[in-house]
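We number each residue from 1, following the sequence as shown. All ligand and atom numbering here is 1-based and tracks the order in the structure.
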Amino acid sequence: MATMESLIGMVNRIQRACTALGDYGGGNNALSSLWEALPSVAVVGGQSSGKSSVLESIVGRDFLPRGSGIVTRRPLVLQLHRTEHGTGEYAEFLHLTNKRFTNFSLVRKEIQDETDRITGKSKQISPVPIHLSIFSPNVVDLTLIDLPGLTKVAVEGQPETIAEDIESMVRSYVAKPNCLILAISPANQDIATSDAIKLAKEVDPTGDRTFGVLTKLDLMDKGTNALDVIEGRSYRMQYPWVGIVNRSQADINKNVDMMVARRKEREYFETSPDYGHLANKMGSEYLAKMLSKLLESVIRARIPNIIALINRSIQELERELDQLGRPIAIDAGAKLYTILGMCRAFEKIFKEHLDGGRPGGSRIYGVFDYQLPGAIRKLPFDRHLSLENVKRVVSQSDGYQPHLVAPELGYRRLIDGSLHLFKGPAEASVNAVHSVLKELVRKSIAETEELKRFPSLQTELAAAANSSLEKFRGESMESVLRLVDMEASYLTVDFFRNLHVMDTQGSQTTPLSSPTTIEQNGERHFRKIASDVAGYIRMVADTLVNAIPKAVVHCQVRQAKLALLNYFYTQISQSQGRHLGQLLDENPALMERRLQCAKRLELYKKARDEIDAAVWFG
Ligand SMILES: Nc1nc2c(ncn2[C@@H]2O[C@H](COP(=O)(O)OP(=O)(O)OP(=O)(O)O)[C@@H](O)[C@H]2O)c(=O)[nH]1
């Protein structure tokens with residue numbers, strides 16, 4: 001297990017990491033707080049109760065701002081590090097790393113300046129702590145948090161609510177079960193009226209973590225003493241009260257050295273007729289040592305809980321970060337890479353739909369298997385090849401004279417007119433496949449997990465894919481219509497030759513002298529033309545039912561698989577970082593949350609390393 005000193009040092013380092021990453025007491029962050037799990041000692045007291053004096057005498061240095069009104073307006077996390085005897089004293093601020101202060105009046109000025117930096121000159125208060133580390137052979141390892149003095153009234157320029165604001169800030173620290181409370185009360189005031197005790201009693205009714213400190217023992221009226229309090233008769237606490245004698249205002253004005261003041265305090269107790277018997281348990285030096293030991297033992301006791309909290313939080317944060325998706329890279333190259341990765345994921349899903357790995361693609365084959373043949377069957381060939389129409393067309397093309405040979409032009413016109421009808425089902429197939437593909441794009445975008453975070457990219461991807469599909473549809477339309485036109489531009493002559501052969505064979509079996517009227521002959525003639533043309537059209541229909549799907553698959557489905565995003569890729573590879581950034585625009589709340597989670601995760605991991613190091617190597 002770690003040595004005592006190293007444990008406080010470890011907590012100090014974790015506390016500093018907490019502040020650097022925005023986790024400090026009084027914050028109203030929705031994330032779980034490590035800071036709150038760390039044991040600390042908060043100093044509370046009414047105005048002028050002697051808080052600053054106690055802190056300074058624990059440190060053995062003058063370094064806190066003084067003045068009228070509320071001087072402490074931000075929490076001051078004071079971390080004391082004991083150094084080897086004979087080494088020099090210096091101070092460091094977390095917000096000014098690498099700057100060592102050896103002149104403590106400059107430390108005071110920096111505390112003032114840093115307070116103003118956050119609160120402005122407005123005398124407002126802020127919960128963002130200032131971290132000050134003091135390295136000295138004259139201190140014990142200890143961390144104390146100095147909080148604004150509890151006050152009753154606002155002074156000039158301060159908001160009316162200042163008293164409440166201070167109280168709620170102080171409360172946010174001392175209410176935490178891991179916070180030891182150093183409650184400072186002046187001996188020359190009735191203990192029943194002490195602000196510090198009042199608050200401590202509220203947040204720690206059993207007094208398990210409250211330490212009563214009585215200042216200004218030397219200022220009590222002659223002939224009176226504070227033994228009733230110190231010996232626990234007027235107000236009993238778990239821990240014995242510690243009496244203190246700080247420098248008086250006159251001492252401060254005379255610049256009485258802190259070391260001299262410590263000595264004088266020791267002498268005061270040793271020679272005091274009232275407190276002599278308690279001398280070894282009084283004074284600021286004793287207080288510091290006692291607190292240091294206690295803080296160590298509290299930390300030691302809490303380590304298993306802290307480790308459990310850290311491990312649990314790391315798991316939770318990692319889970320949440322996985323859900324939120326990892327942050328997007330900043331440079332354009334990496335953004336492009338991210339976008340292309342997502343496009344590929346989308347394309348993969350889209351292809352799976354078409355190849356039958358996912359449902360949806362089969363609807364395309366439904367178009368070819370049912371819709372197209374059905375539409376062709378419904379074409380009004382009957383009407384077009386009705387006896388009446390055949391007569392009309394043939395007569396108009398070849399004249400009313402009886403035809404010596406087959407009415408060539410009439411045949412051609414009738415065939416042309418019939419072939420023309422195939423254009424409708426051909427176009428309908430192209431459009432139907434187009435709609436299926438469009439729907440699959442929509443579905444595939446929705447199914448691409450990676451894209452969920454990026455609504456802008458989704459929109460642009462859909463637009464790009466749809467415009468490619470439009471283009472493919474255009475090409476497909478041209479092809480299928482061309483197939484129909486091709487049928488019209490050159491007829492299968494063999495079909496008619498074969499018919500002719502069959503006719504001549506047939507006529508040999510029919511008696512030449514059958515008694516038919518001219519009228520009947522004409523009818524048969526036209527019916528024959530109609531049935532010849534119908535036969536031809538059936539043959540063409542069989543060809544087209546096979547050829548149209550080939551053209552559609554070639555122009556639309558195959559192209560969609562091969563080149564759906566080609567244009568998008570060309571565009572995107574020429575895009576500037578700004579446009580890429582816009583595509584990767586996320587919901588700002590989500591981005592903020594991810595940032596917070598990532599920061600917290602970093603903190604917990606750092607803390608885990610610190611604890612590992614302290615526990616195993618301390
Ligand atoms: N004689 C004597 N004077 C003391 C003692 N403690 C504090 N004082 C004086 O009381 C005054 C207030 O002391 P501070 O230490 O500034 O008190 P504080 O609680 O920090 O005050 P604020 O920060 O203004 O709230 C100063 O003039 C100190 O010199 C003490 O034990 N004895």
Ligand-side contact atoms (ligand 1) for residue partner [X], heavy atom cut-off under 4.0 Å:
{"X": "Ser248", "answer": "1 (N), 2 (C), 3 (N), 29 (O)"}
{"X": "Asp218", "answer": "1 (N), 2 (C), 30 (C), 31 (O), 32 (N)"}
{"X": "Gln47", "answer": "25 (O)"}
{"X": "Leu219", "answer": "1 (N), 2 (C), 3 (N)"}
{"X": "Gly50", "answer": "7 (C), 13 (O), 14 (P), 15 (O), 17 (O), 18 (P), 19 (O)"}
{"X": "Lys51", "answer": "15 (O), 17 (O), 18 (P), 19 (O), 20 (O)"}

- Item | Heavy-atom gap Gly45 to ligand 1 smaller than 4.0 Å |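 For ligand 1, residue contact (heavy atoms, under 4.0 Å) with Gly45 is absent.
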- Task: Answer with yes or no whether Gly46 contacts ligand 1, where contact means a heavy atom under 4.0 Å from a ligand atom.
- Result: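 Yes.
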Any salt bridge between [X] and [Y], counting N to O under 4.0 Å?
{"X": "Arg263", "Y": "Glu267", "answer": "yes"}
{"X": "Lys109", "Y": "Asp113", "answer": "yes"}
{"X": "Glu92", "Y": "Lys99", "answer": "no"}

- Query: atom 29 (O) of ligand 1: which of Glu56, Arg247, Lys216 has the nearest heavy atom?
  - Reply: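 Considering heavy atoms of Glu56, Arg247, Lys216, the nearest to atom 29 (O) of ligand 1 sits in Arg247.
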Between [X] and ligand 1, is there a nitrogen or oxygen pair with a distance under 3.5 Å?
{"X": "Val245", "result": "no"}
{"X": "Asn246", "result": "yes"}
{"X": "Gln249", "result": "yes"}
{"X": "Ser52", "result": "yes"}

- Task: Tell me yes or no: between the side chains of Ser272 and Asp274, is some donor less than 3.5 Å from an acceptor?
- Result: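 Distance-only check fails for Ser272 and Asp274.
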- Out of Arg171, Met169, Glu164, which residue meets the side-chain contact (heavy atoms from CB on, under 4.5 Å) rule with Glu167?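 Per the side-chain contact (heavy atoms from CB on, under 4.5 Å) rule, the option paired with Glu167 is Arg171, out of Arg171, Met169, Glu164.
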- Task: Specify whether Tyr235 and Trp241 have parallel, tilted or perpendicular ring planes, treating 30° as the upper limit for parallel and 60° as the lower limit for perpendicular.
- Result: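 Perpendicular.
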- Task: Have a look at ligand 1 and work out which part of Arg66, if any, has a heavy atom under 4.0 Å from it: side chain, backbone, both or neither.
- Result: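 Just the side chain.
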- Task: Examine the proximity of ligand 1 to Leu64 and report which part, side chain or backbone, both or neither, has a heavy atom under 4.0 Å away.
- Result: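 Near ligand 1, Leu64 shows nothing, with every heavy atom at 4.0 Å or more.
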- Task: Give, for atom CD1 of Ile118 and atom CD1 of Ile130, the distance between the pair rounded to the nearest 0.5 Å.
- Result: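 Those atoms lie 8.0 Å apart.
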- Item | Spacing of CD1 belonging to Ile244 relative to OG belonging to Ser284, to within rounding of 0.5 Å |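 Answer rounded to 0.5 Å: 4.5 Å.
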- Query: Are the aromatic ring centres of Phe101 and Phe93 under 6.0 angstrom apart?
  - Reply: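 Close enough - the centres of the two rings lie under 6.0 Å apart.
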- Message: Please enumerate all residues that pass salt bridge (charged side-chain N to carboxylate O under 4.0 Å, His left out) together with Glu460, with sequence neighbours excluded.
- Response: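 If we apply the salt bridge (charged side-chain N to carboxylate O under 4.0 Å, His left out) test to Glu460, skipping adjacent residues, there are no hits.
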